[in-house]
Amino acid sequence: MTKKIIKTTDQIVKEIRVKKMSRPISALMGFLVSFLYKKPCKVTVDYHVRIKDYKNKPVIVVSNHASRFDYAFVRMALKRPLNIIAAENEFHRKKFKTVFKLGQVIPKRNFYPDTQTIKCVARLFKNYRNACVPLFPCGMSCASGAQQPSMLGTGKMLKHFGVHVLAIRIHGAYLVCPKFDVKERYGKVEVEIDELFTPEQLANLSVEEIDRKVDEAIFTDDYEWNATRQNSYKRKDGKYAENMEQILYKCPRCGTEMQMEGRGDKIVCKHCGNGATLDDKYNLKPIGDSVIPRNPRVWFDFERREMFKKVRNSDFYMQERVKLGTMPAYGYLGDNKLANDVGEGILKLDKNGLSYVGTRDGQPWQVFIKSENLNTLCLPVDGSFFYTYSSGEFLLFTPDSPSCMRWSLAVEETYRANGGKWKNYPWFDYSAKEF
């Protein structure tokens with residue numbers, strides 16, 4: 001008798017062959033997202049195109065990505081069956097298994113070359129004349145409140161498929177789900193939709209020109225957007241600055257790192273007392289004579305500029321004790337887990353790359369990722385952990401301190417200092433002094 005071969009979960013995910021989402025399932029999901037989010041988020045959609053004109057055409061939609069609710073906002077705007085692309089690691093979680101199958105969701109390993117994604121999209125456009133695939137070119141929900149540059153390969157992918165491309169801008173979503181807080185703060189969300197490219201325009205543009213136009217079309221900054229609108233985003237307990245040190249880790253006055261503390265409605269430096277309050281409209285108000293940027297995004301950009309200078313020192317390095325998490329070979333993750341804890345050790349970053357030396361499954365284990373192969377780290381939910389891939393394997397790291405954003409900025413700016421191709425926006429001024 002032939003022995004039955006049991007496939008690993010990774011093999012099962014790699015063999016996913018998506019179809020176009022059925023209309024009944026699309027209608028059901030449309031009803032659910034509208035019921036759950038339209039009224040609490042006061043969602044309005046501003047159409048700059050006749051959406052019906054694209055009903056029977058293959059379409060790729062590019063959108064900014066500010067929150068974990070963005071899939072719902074895109075669905076509300078498009079009102080048609082979609083094949084959404086989601087992070088491959090989410091396919092290893094039990095709670096998403098059925099939903100992803102019904103929704104015909106496409107897996108993608110974030111910030112890692114993944115031909116499976118391209119093959120899935122190619123099959124959709126080959127088999128269905130009106131397939132619609134939304135993309136979030138930045139790869140993960142933004143950390144600062146402003147859109148990040150599109151990842152490498154965006155323009156190449158759009159030019160390769162050569163279909164109509166629509167652009168969506170979602171305003172206010174970050175304020176509903178800020179990266180430093182897992183608790184939602186429901187308030188106003190506005191969605192805009194435009195045509196970005198026709199097939200003919202894609203054929204006549206270079207990959208670099210496409211990338212630039214995508215970045216310009218979907219750039220958003222929720223803090224600036226709400227500066228004049230002053231929409232309210234309520235958190236029931238009033239703790240608007242809770243865990244804000246996950247993102248804002250460097251004091252703007254004394255320069256000390258990892259001494260900021262966000263508790264209640266205040267973020268304060270434990271070293272010098274510099275601090276501010278944050279209200280339901282995301283206004284930062286200095287406490288006393290404190291030195292505080294005009295909004296959290298400006299503060300975040302200050303941290304990036306400081307990291308830009310730091311990684312260019314010849315003796316730059318960072319290290320910290322971390323816990324290591326990986327995917328189980330068989331079965332699915334339950335209990336809202338993102339990985340299984342398998343070890344702990346020291347994570348180190350220098351100009352050469354990122355290394356982990358410690359344990360795995362009770363045995364000594366180490367891994368090294370060259371800087372040229374690591375342009376960012378993924379912080380999918382908040383700033384309490386991050387993950388990356390090494391030789392295709394998912395690795396999750398949880399530092400002892402709330403330093404994930406510091407690690408992410410250091411990785412990005414080290415990659416760029418070494419000549420990496422993924423650049424910041426051309427209009428980002430590393431020498432600017434904003435406060």
Side-chain angles (χ1 to χ4, degrees), residues 21 25-26 28-46 61-80 82-87 89-90 93 95-96 99-100 102-103 105-106 108 110 132-148 166-193 218-223 225-226 229 231-236 240 242-243 246-247 280-282 296-297 336 338 378-384:
M21 184 194 293
I25 294 298
S26 176
L28 174 60
M29 291 190 173
F31 169 78
L32 288 174
V33 299
S34 182
F35 175 77
L36 292 171
Y37 305 119
K38 189 169 185 178
K39 186 175 180 180
C41 296
K42 305 171 187 175
V43 180
T44 57
V45 182
D46 188 4
V61 181
V62 293
S63 173
N64 67 305
H65 196 6
S67 79
R68 57 186 177 274
F69 291 169
D70 291 342
Y71 299 101
F73 302 140
V74 168
R75 176 60 182 77
M76 278 185 253
L78 294 172
K79 300 177 181 178
R80 63 187 283 181
L82 309 174
N83 287 93
I84 289 169
I85 297 174
N89 59 290
E90 301 290 358
R93 302 176 68 187
K95 72 176 185 178
F96 291 137
V99 174
F100 282 5
L102 289 172
V105 179
I106 302 167
K108 170 70 176 77
N110 285 348
C132 183
V133 179
L135 283 181
F136 296 111
C138 65
M140 68 174 172
S141 58
C142 62
S144 69
Q147 175 77 354
Q148 283 212 143
L166 300 178
I168 284 181
R169 287 182 301 278
I170 307 168
H171 304 282
Y174 184 89
L175 309 181
V176 173
C177 298
K179 184 68 85 171
F180 57 86
D181 193 1
V182 296
K183 292 187 178 180
E184 296 81 18
R185 308 148 182 233
Y186 291 105
K188 179 65 178 171
V189 171
E190 294 179 2
V191 182
E192 297 180 84
I193 183 165
I218 64 175
F219 180 79
T220 56
D221 182 337
D222 277 356
Y223 289 118
W225 172 81
N226 202 45
R229 290 170 177 77
N231 295 315
S232 177
Y233 297 82
K234 296 283 188 183
R235 177 172 158 156
K236 291 182 180 180
Y240 297 109
E242 195 75 9
N243 300 319
Q246 289 186 356
I247 305 300
D280 62 307
K281 300 175 180 62
Y282 285 90
R297 192 272 306 162
N336 290 319
L338 291 164
C378 192
L379 285 70
V381 181
D382 63 1
S384 61

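Below 30°, between 30° and 60°, or above 60°: for Y71 and H65 the angle between ring planes is above 60°, a perpendicular geometry. Classification of the W225-H171 ring pair by plane angle, with boundaries at 30° and 60°, yields parallel. A perpendicular orientation is assigned to the rings of F69 and F73, their planes being inclined by more than 60° (bins at 30° and 60°).
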ask   = Stepwise, does the side chain to side chain donor-acceptor pair (under 3.5 Å) test hold for R75 with S26?
value = CA-CA 9 Å; R75 176 60 182 77; S26 176; 3.2 Å; yes

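Residues R297 and D221 meet the side-chain proximity criterion, which asks for heavy atoms closer than 4.5 Å. Using a 4.5 Å heavy-atom threshold, the side chains of Y174 and K179 count as touching. Side chains of C132 and L78 form a contact here, defined as non-hydrogen atoms less than 4.5 Å apart.
At distances below 3.5 Å, at least one donor-acceptor pair connects side-chain atoms of D70 with backbone N or O atoms of A66. Judged by distance alone, the side chain of N226 and the main-chain N or O of N231 form a donor-acceptor pair under 3.5 Å. Looking only at distances, a side-chain donor or acceptor of Q246 sits under 3.5 Å from a matching main-chain atom of G383.
The side-chain hydrogen bond (donor to acceptor under 3.5 Å, both in side chains) test with T44 is passed by exactly one of K188, E192, E190, K38: K188.
Atom NZ of K281 has more than 12 heavy atoms from other residues, nucleotides or ligands within 6.0 Å.
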